[in-house]
Amino acid sequence: MKKEDFIAIFEATLLSANLDVIGLSLIDDSHVLIRFKGNGTRKVNIEADSFGAIIVDVMNHVF
């Protein structure tokens, strides 16, 4: 599975979890952008991360 495919599936999971997240997008191979209700954003470094580590890194910025 490619990283962009994983991010798309993870985005659907975050949206379904009913958090304040309204979007998750891959900026480049090293960063994702989390978009929150109220127009807030956070850029997360995912360079060299496994899919499991991407989940942990993103979730650390969601809460």
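Heavy-atom basis, side chains included; hydrogens, waters and symmetry copies ignored. These numbers were taken from a predicted model, which means no experiment stands behind them.
The two residues Leu24 and Ile34 come nearest to each other via the heavy atoms CD1-CG1, 3.7 Å.
In this structure, the separation between CG on Leu26 and NZ on Lys2 is 11.0 Å, given to the nearest 0.5 Å. Remark: Ile7 CD1 to Met1 CE distance equals 10.5 Å, nearest 0.5 Å.
For Asp5, the salt bridge (charged side-chain N to carboxylate O under 4.0 Å, His left out) test picks out no residue, with sequence neighbours left out. Residues passing the side chain to side chain donor-acceptor pair (under 3.5 Å) test with His31, sequence neighbours excluded: Asp28.
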*Checking side chain to side chain contact (heavy atoms under 4.5 Å, CB included) for the pair Leu19/Phe63: CA distance, chi angles, key distance, verdict?*
CA-CA 9 Å; Leu19 303 170; Phe63 292 109; 4.0 Å; yes
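Here salt bridge (charged side-chain N to carboxylate O under 4.0 Å, His left out) pairs that include residues 30-48, with residues two or more places apart or in two chains, number zero.
Residues Phe10 and Val32 fail the side-chain proximity criterion, which asks for heavy atoms closer than 4.5 Å.
Here Ile22 is tied to no hydrophobic group at all, with no ILVMFWY side chain closer than 4.5 Å. When hydrophobic side chains of Ile, Leu, Val, Met, Phe, Trp and Tyr are connected at separations under 4.5 Å, Leu15 ends up as a singleton with no cluster partners. In the hydrophobic clustering, where aliphatic and aromatic side chains (Ile, Leu, Val, Met, Phe, Trp, Tyr) are joined below 4.5 Å either directly or transitively, Ile27 groups with Leu33.
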Indicate every side-chain donor-acceptor pair of residues 50-60 with a distance under 3.5 Å to a residue at least two apart or in another chain.
from: Ser50; atom 1: OG; to: Ala53; atom 2: N; distance (Å): 3.2
from: Asn60; atom 1: ND2; to: Val56; atom 2: O; distance (Å): 3.3

